[in-house]
Amino acid sequence: MSNWNHEKSAELYGITNWGSGFFHINSQGHVHVTPGGLNNGPSLDLYELTQDLLDRGIRVPIMVRFPDIIKSRVELLHSCFQKAFGEYGYKGQYCGVYPIKVNQQKHLVQELVRFGKDLKLGLECGSKPELLVVLALMNSEDAVIICNGFKDVEYIETAILSQKLGRRTIIVVDRKEELSLIINAAKKFNTRPKIGFRAKLSTQGAGKWVDSSGARSKFGLTTVEIVEGIEILKKENMLDCLELLHFHIGSQVPSIQSIKSSLKEGARFYCELHAMGAGLKYIDVGGGLGVDYDGTGQGDSSINYNEQEYANDVVSTLQALCDEKGIPHPSIVTESGRALVAHHSVLIFNILGVNNLHKPEPPRPATKKDPNIMQDLQYIYEKINKDNINECFNDLTQAKQETLQLFTYGVLSLEQRAWCESMYFAIATKMLSIAKATPDTEEISTVLRQELCDTYYCNFSVFQSVPDSWAVGQLFPVMPIHRLSEEPVREGTLADLTCDSDGKIEKFIDSRTGKFKDTLQIHDIREGEQYYLGVFLTGAYQEILGDLHNLFGDTDAVHVSINEAGYTIDHYVPGDTVTEVLSYVQYGRHEMVDNVRMATEDGIQKNTITKQEAKLLIKHYEEGLSGYTYLEEPEL
Ligand SMILES: *Cc1c(COP(=O)(O)O)cnc(C)c1O
């Protein structure tokens, strides 16, 4: 306890590895945020910020967004490509594009457009509604708009007409049927459309989204369809309109080797199409640039490369092939989404309580009058020491099963069973502390630690705020945001507010081994004091994939800019009220209040409720409907 410090916490939680320089721990033992990256510009104490936000009446769980981190990420990716261009003598341009599906929040996309203006950052849309968003937000003539996804006539005509507003809109043919729709629309409006082909690569990505490429992938043209497409464009005298070649091998690609192989295949497509007379100017290498969620450099939640290595590989592969064929270097479009926005948001929530199974004190001693099983347990408790620990462990396991059987057969009463369970946990607690000090007891310790592991009840919903943790087993860094100068002496797992047994987090970073562990080292909670945890790197995909399981809605969200003088709250986006969430499932507030009011009138008539009680019930009911869907602290 005594020689613990914030540096040990940093090591334990691996924050230096996954924090990318944005997050670290300060000497007060609080998480600290530096949006410009390590030692770069102003910074802020996340715990103090949380206190300030709560003082303003903003409620936990809070999604805190740092737009300055997005700015750093946009600039980082741009500068990596510029550096690679310099190094390899590449002559094309870099055109970064943000796919809005990754996080479509208005303020966030607006900020991206603002930060990206000088760097010509474009936007990508994957559906008609997303195109409508993009057209409302993009006003740059220099940046490209990439249209992907399933398209109907309306989508395509809107995209083509936007060219007449000076937008550089490129329509990517994802399915062969779309080509004729584009050609018809171009004739109708007398324009030369900018067309892209998405190629189905046979190179597969890797990791959780491996099915995004290969012959059975949902999108893209096969080689046969590409050759037919070229014929059609040639016949229409529109080969010059085919400006872009696109491919995308999936998200969060963990290995640089998969990226390299897909690039080689994609670059070959580019050269062939060029040779066939297409007016190609751009190669769009898609998304997939990963985020190091656990900081281990291995496994699906991590990546074995960095942004600069990614840029170097894209640029050098293209350059080598184009130079070999004597083709001008194309402009490079990337559709990295996750890598731009994952880091910028943190979900902060409080702990509501702990199910603590550690039992330092045994129950009252068993006597001769008690059933044998109770006397056996009493005996184990008294006798256990480091020499007989194996034997005692086996006896304890046996006694646990026996207790249950005896209760089921009606031999033990409920009170006796309760005594046995209390004693079981008292023995397990004592046994674990002996095992810790005894060599060769790893196996026993592991089992007991699991048995005695605490459950921390958390004020958030996994399904709303980190759905990928549940859906695809994605790991997110989770840790306390304060008390980090103190040793976290407990082991716990996290359970959310939903009634779903899947609503939990039971997989944590083990920075020591680079693998996962089943429990999180965590502090004791103190009476009368709040304890706050953060889930980090939640900026990509989570918000929009989040659902209303058990009717827990959007959390409060704030956009915080940090400057030398402190910080400013640029936007406060209140979370859903209960009324709003209910309206998504067709419940109307007035009708609900009316029904309950009528029931109280009935109760008043029948004298089952007083007028005062009825008034209070209606008040609670109406306030509940206007309130937050998460647990709230009573107003002081
Ligand atoms: C989802 C998607 C992206 C974004 O991928 P990230 O891994 O988030 O960078 C890019 N392009 C296409 C076509 C996509 O479907």
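What you are looking at is a predicted structure, and each value in this text was computed from that prediction instead of being measured. Counting starts at 1 for both ligands and their atoms, following the listed order.
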Val535/Thr538 under side chain to side chain contact (heavy atoms under 4.5 Å, CB included): CA gap, chis, key distance, verdict: CA-CA 7 Å; Val535 188; Thr538 58; 3.8 Å; yes
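- Classified by interplanar angle (parallel below 30°, tilted 30° to 60°, perpendicular above 60°), the ring pair Tyr90/Phe85 is parallel.
- The only member of Val144, Asp142, Leu112 that meets side-chain contact (heavy atoms from CB on, under 4.5 Å) when paired with Leu121 is Leu112.
- The aromatic rings of Phe349 and Phe460 lie parallel to each other, their planes meeting at an angle below 30°, with 60° marking the opposite boundary.
- Not a single heavy atom of Ala339 sits less than 4.0 Å from an atom of ligand 1.
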- prompt: Given the rule in the side chain to side chain contact (heavy atoms under 4.5 Å, CB included) test, do Tyr541 and Ser251 qualify, once you have shown the distances and angles that lead to the verdict?
  reply: CA-CA 11 Å; Tyr541 297 105; Ser251 201; 3.7 Å; yes
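- Residue Ser336 has no N or O atom closer than 3.5 Å to an N or O atom of ligand 1.
- Residue contacts with ligand 1: Gly288 is placed with a nitrogen or oxygen under 3.5 Å of a nitrogen or oxygen of the ligand (distance criterion only).
- For the pair Lys128 and Tyr155, the NZ or CZ position fails the cation-pi test of under 6.0 Å to the six-membered ring centre and within 45 degrees of the ring normal.
- The shortest separation from a heavy atom of Phe219 to ligand 1 is not under 4.0 Å, leaving the residue out of contact.
- Scanning all protein heavy atoms for the shortest distance to atom 7 (O) of ligand 1 gives Ser251 OG, 2.5 Å.
- In terms of polar-atom proximity, Glu124 is not counted as a contact of ligand 1, lacking any N or O under 3.5 Å from an N or O of the ligand.
- The protein heavy-atom contact nearest to atom 5 (O) of ligand 1 is Tyr541 OH, 3.5 Å.
- Annotation for ligand 1: atoms under 4.0 Å from non-hydrogen atoms of His246 are 13 (C).
- Salt bridge annotation for Glu265-Arg268: absent, with no cationic side-chain nitrogen under 4.0 angstrom from a carboxylate oxygen.
- In terms of N/O distances under 3.5 Å, ligand 1 is not approached by Pro99.
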message: Set out, in order, the CA-CA distance, both residues' side-chain angles and the distance that settles side chain to side chain contact (heavy atoms under 4.5 Å, CB included) for Ser469 and Gln474, then state yes or no.
response: CA-CA 5 Å; Ser469 157; Gln474 155 96 52; 5.5 Å; no
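- Of all atoms in ligand 1, numbered sequentially from 1 with element shown, those under 4.0 Å from a heavy atom of Arg338 are 6 (P), 8 (O), 9 (O).
- Screening Phe22, Tyr293, Phe23, Phe66 for a ring pair (Phe, Tyr, Trp, His ring centres under 6.0 Å) involving Phe536 leaves a single residue, Phe23.
- Between His246 and Phe197, the distance separating the two ring centers is not shorter than 6.0 angstrom.
- In the vicinity of Gly337, heavy-atom distances shorter than 4.0 Å reach the ligand 1 atoms 6 (P), 8 (O), 9 (O).
- In terms of polar-atom proximity, Arg198 is not counted as a contact of ligand 1, lacking any N or O under 3.5 Å from an N or O of the ligand.
- On a distance-only criterion, Asn148 and ligand 1 share no N/O pair closer than 3.5 Å.
- Ligand 1 has a nitrogen or oxygen under 3.5 angstrom from a nitrogen or oxygen of Glu335.
- Annotation: atom 2 (C) of ligand 1 to nearest protein heavy atom, Lys101 NZ, 2.3 Å.
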